[in-house]
Amino acid sequence: MSNNNNNERPKKSPSLPTGRQVGDLGVTPPSVGWEVSNLLRPNIANLKPYSSARDEFSGSASVFLDANENPYDTGYNRYPDPYQQEVKKRIAEIKGVQPNQIFLGNGSDEPIDLVYRAFAVPTVDNVVIMEPSYGMYTVAADINDIEIRKVLLNDEYQIEASKLLEATDEHTKLIFLCSPNNPTSNSLDRDEMVKVITGFNGIVIVDEAYIDFAPGTTLLPDLDKYPNLIVLQTFSKAWGLAGIRLGMAFASPEIVAVLSRIKYPYNINALTQQRAMQSLENVEQKDTWVKTIITERAKLTEELKQFPFVQKIYPSNANFLLVKMDGAREKFEYLMDSGVIVRDRSKVALCEGSLRITVGSPEENTSLIEILSELS
Ligand SMILES: *Cc1c(COP(=O)(O)O)cnc(C)c1O
C-alpha cells in the first residue's frame, strides 16, 4: 500500500436511509432514494482501494523515481495508465458517452466477474439469468458462490420481463440479459428489456458483445435514463481484437467508480492500450468488416437452407448462425474430421439439434458449404 496518511476507513457504508440494511432497497430506479452505494456488498462499501504510485501524482514530470521501475527504455519499462484515459477518451467520442461512464476490463469476463464481487454476497444473494445464454454469467456466479436462477426464453427466443421479475426476491442483486443473444443469435425485444431495467431495483447487465451486427438496437443512448444499467461491449468480435483481451462496460459514473475501485490496478496492459488506440483511429476498417460479415451471413443462410438435412436457421443479428439440423452431432464430427470446427449446441436447453456456426471469410464459408455438400 502507499504510505499516504489517510488511514481512516469509513466505519459504515455511506448514507444508508435509516432502518435499511445494505442491499435492501425499497425503491426501483430511477426513483429518488435509489443509490448504487446502498446496493454494494458491505466489504466493498468499506473498501479502501490500493493506491498506486501513479495515483499520488498528476501533472507533468521528467524524472520518475516513484514506482521502482527500470529506468532503461524498453518501450514498456513504465507501468501503464491504470485508468486508460487516452483509450477511454477515444471510445467516449465514438460511442457518444462520457469517459467517466466507461470501465475497461480484461475482456468482458472481467466486468462480469466484478459485478458479482461488488454487489452479490456469496451464499446469500442470487442472480437471475436467461436460458439459454452466454456461459460466463453462470461460471462467474459459481466462482463467487452465488445462487443462479434461470428463466427459460420463450419459443421465439425472447425474454418475458414479468417472468424474469417474478424469479427475483429481496436477495436478487443482478439480472443478466444478452442482446443479440449467444447462442440464439437474435436481439431481445427492447420494450421487454426496459421493463426489466425499470422494474428491478438491483443491477441489470445487458451484454451487447454482438451489437455491431445489429444496427440500431443498442441501449447505450439510454444509459443516462437508467442508473441501474450496465451495458457490456467488447473488442473481441466486430473489432477483430479477441487476442488483446479488452472489454467495455458502460454505466453511470457511480457504478464505473465502484468497478474501478475493485479491479486489479493495472488490469489493461500497455500493449493492449496501444493496440486498441490503433484500431480506434480506424473505425472504418471495423465498419467494413461488419458490412462484409452481414452480407456473408445472408449468403450463408441461403446456401445452408438448400441442404435437405437443415430444418431451421434462426434469424441472426450476430456474426453467427444457429442452425437446427438432422443428425447435428454427426455433422459436427464430420466437419471436425474435415478440419472445420463449429460449436455443437445440441445439448443446450431450447437448442436441441443445433450447431452454432460463426460467419467466416467468404473462403471459409465456401469450405463449410463444400464439406456439407458431401453429406447430402
Ligand atoms: C464473445 C462474447 C463476449 C466477449 O467476451 P470477451 O471476454 O470480451 O472476449 C461477451 N459476451 C458474449 C455473450 C459473447 O458471446
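All values below were derived from every heavy atom in this structure, side-chain atoms included, with hydrogens, water molecules and symmetry-related copies excluded. In each ligand, atom 1 is the first atom listed, and ligand 1 is the first ligand listed. Quick note: residue numbers are just sequence positions, from 1.
- Donor-acceptor pairing under 3.5 Å is recorded for the side chains of Asp224 and Gln101.
- Scanning the protein heavy atoms around atom 9 (O) of ligand 1, the nearest turns out to be Ser236 OG, 2.6 Å.
- Here the side chains of Val128 and Leu174 are not in contact, with every heavy-atom distance at 4.5 Å or above.
- In this pair, Tyr134 and Tyr137 present their aromatic rings perpendicular. The plane angle is above 60°, beyond the 30 to 60° band.
- Here Tyr50 and Tyr266 keep their ring centres 6.0 angstrom or further from each other.
- Residue Asn182 has at least one nitrogen or oxygen atom sitting less than 3.5 Å from a nitrogen or oxygen atom of ligand 1, judged on distance alone.
- A continuous path of ILVMFWY side-chain contacts below 4.5 Å connects Leu177 to Leu153, so both sit in one hydrophobic cluster.
- Under the 4.5 Å side-chain heavy-atom criterion for Ile, Leu, Val, Met, Phe, Trp and Tyr, Val206 and Ile102 are members of the same hydrophobic cluster.
- For ligand 1 and Asp109, the ligand atoms under 4.0 Å from any heavy atom of the residue are 7 (O).
- Of the protein's non-hydrogen atoms, the one nearest atom 12 (C) of ligand 1 is Asp207 OD2, 3.4 Å.
- For atom 15 (O) of ligand 1, the nearest non-hydrogen atom of the protein is Tyr210 OH, 2.6 Å.
- If you check the side chains of Ser361 and Glu363, you find a donor sitting under 3.5 Å from an acceptor.
- Contacts of Cys178 with ligand 1, taken as heavy-atom pairs under 4.0 Å, involve the side chain alone.
- Those atoms of ligand 1 that come under 4.0 Å of a heavy atom in Ala209, given as number and element, are 2 (C), 3 (C), 10 (C), 11 (N), 12 (C), 14 (C).
- When each atom of ligand 1 is checked for a heavy atom of Ser108 under 4.0 Å away, the hits are 4 (C), 5 (O), 6 (P), 7 (O), 8 (O), 10 (C).
- Close N/O approach between Arg245 and ligand 1 is found [any backbone or side-chain N/O within under 3.5 Å].
- Protein heavy atom at the shortest distance from atom 1 (C) of ligand 1 is Lys237 NZ, 1.2 Å.
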